[in-house]
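Working notes, structure below.
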Amino acid sequence: MNSNLVITIGRQYGSAGRHIGEELAAKLGIKFYNNELISLAAQKSGMAHHVVEEANEKATNSLLYTLAMGSSFWGGNAGVAFDMPVNDKLFVTQSDIIRELADEGPAVFIGRCADYVLRGYPNLIKLFIYAPMDFRAEHIAELHNVTPDKAKDIIVKTDKRRANYYNYYTGQKWGKLENFDLAVDSSRLGIETTAEMLYQYVEFYKNHNMK
């Protein structure tokens, strides 16, 4: 298995985890992958881009298929089956792409169970970004021009969807601290300073573990 530095970022909606990931990747001078994975998955699977985008980070809603698969989808030997629901095909395809990209070189990956998909990689750093609800609601309200109450509703629904997706495909609990190397409240320092702090953390890791 390769020894590339790979960083995964789980995030609460509205915590600015994506922006922080972009800043961190830029500071480190390495690749950053978020929505690019949707286009790559569409190309690899042959599915239409809008179909892939709609299924992105959503667990299958097929109860019978879920029961047939067991409590979690990922069993370590998954492969794309002809009659597999679109969401599951996307997960398998995106997981293959994430591993291929991690093998190609150092990178930062946002969401998509990347911390689980890349488990076992020797230089994997798993981060989680969170923030208080009021901070997140203010951020989303400003970003999408909605009221704070509407923003809170969007946040609750989005976090629930992300949790369902992660829990279903990994068999683990989304946001559980034991699954990460470092969890950071982005409201304390803001996007730029949080990214700088994480950059320093990664540099310390590289100096102590990747000589």
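Because the structure is a prediction, the values reported are computed rather than measured.
- To the nearest 0.5 Å, atom CD of residue E178 and atom NZ of residue K126 are 10.5 Å apart.
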Note to self: Could you walk me through whether Y205 and N123 satisfy the side-chain hydrogen bond (donor to acceptor under 3.5 Å, both in side chains) test, starting with their C-alpha distance in whole Å, then the side-chain angles of each, then the deciding distance to 0.1 Å, before giving a yes or no?
What the structure shows: CA-CA 9 Å; Y205 174 87; N123 290 307; 2.8 Å; yes
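- Closest heavy-atom contact between Y169 and C113: CB-SG, 4.3 Å.
- Residues D103 and E100 form no side-chain contact, since every pair of their non-hydrogen atoms from C-beta on lies 4.5 Å or further apart.
- Within the structure, every pair that satisfies the side chain to side chain donor-acceptor pair (under 3.5 Å) test and touches residues 184-193, not counting sequence neighbours, is listed here: D185-S187.
- With contacts defined as side-chain heavy-atom distances shorter than 4.5 Å, the pair N209/K206 does not qualify.
- Within a 6.0 Å sphere centred on CD of E142, other residues, nucleotides and ligands contribute 12 heavy atoms or fewer.
- Residues satisfying the side-chain contact (heavy atoms from CB on, under 4.5 Å) criterion with A195, sequence neighbours excluded, are I20, E23, K27.
- Both M133 and I140 are assigned to one and the same hydrophobic cluster, defined by single-linkage of ILVMFWY side chains at heavy-atom distances under 4.5 Å.
- By the 4.5 Å heavy-atom criterion applied to side chains, N167 and Q172 are not counted as neighbours.
- Hydrophobic clustering places Y199 together with L189 (ILVMFWY residues linked when any side-chain heavy atoms are closer than 4.5 Å, directly or through intermediates).
- Note: the hydrophobic cluster containing Y166 does not contain V156 (ILVMFWY, side chain heavy atoms under 4.5 Å, direct or indirect links).
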Next item on the list: Test side chain to side chain contact (heavy atoms under 4.5 Å, CB included) on D181 and Y201 and set out the steps.
Entry: CA-CA 10 Å; D181 300 306; Y201 176 87; 3.6 Å; yes
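- N4 and E104 get closest at one heavy-atom pair: ND2-C, 3.8 Å.
- Using a 4.5 Å cut-off on side-chain heavy atoms (C-beta onward), F128 and Q12 make contact.
- Both tests pass for R119 against the ring of Y116: distance under 6.0 Å to the centre and angle within 45° of the axis.
- Closest of all the heavy-atom pairs between L5 and I125 is CD1-CD1, 3.8 Å.
- When all heavy atoms are compared, the tightest approach of A137 to P148 is CB-O, 4.1 Å.
- Note that CD1 of I9 is 10.0 Å distant from CD of E22, once rounded to the nearest 0.5 Å.
- The aromatic rings of Y165 and F91 lie perpendicular to each other, with more than 60° between the two planes, well past the 30° mark.
- L143 and Y130 sit in two unconnected hydrophobic clusters of ILVMFWY residues. Membership requires side-chain heavy atoms under 4.5 Å apart, directly or through other members.
- Contact annotation: the side chain of V117 never approaches that of F109 to less than 4.5 Å [non-hydrogen atoms, C-beta and beyond].
- Shown here for L177 and A183, the closest heavy-atom pair between the two residues is CD2-CB, 3.7 Å.
- The CZ atom of R11 sits 9.5 Å away from the OG1 atom of T158 when rounded to the nearest 0.5 Å.
- Tested against I7 for a side chain to side chain contact (heavy atoms under 4.5 Å, CB included), the candidates L28, D115, L124 yield a single pass: L28.
- K31 is listed as a side-chain neighbour of Y33, based on a closest heavy-atom distance under 4.5 Å.
- Put simply, the residue from T194, V184, I129 that forms a side chain to side chain contact (heavy atoms under 4.5 Å, CB included) with S15 is I129.
- Using a 4.5 Å cut-off between side-chain heavy atoms of Ile, Leu, Val, Met, Phe, Trp and Tyr, with links allowed through other members, I155 and W174 fall into different hydrophobic clusters.
- Remark: side-chain polar atoms of R112 are paired, donor with acceptor, to backbone N or O of I110 under 3.5 angstrom.
- Residues K152 and I154 fail the side-chain proximity criterion, which asks for heavy atoms closer than 4.5 Å.
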Next item on the list: Please lay out, stage by stage, how T8 and F180 fare under the test side chain to side chain contact (heavy atoms under 4.5 Å, CB included).
Entry: CA-CA 9 Å; T8 62; F180 303 97; 5.8 Å; no
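- Relative ring orientation between Y13 and H144 is described as parallel, the plane-to-plane angle staying below 30° on a 0-90° scale split at 30° and 60°.
- A salt bridge links D159 and R136; the closest N-O separation between the charged side-chain nitrogens and carboxylate oxygens is under 4.0 Å.
- Residues forming a side chain to side chain donor-acceptor pair (under 3.5 Å) with E138 (at least two apart in sequence, or on another chain): none.
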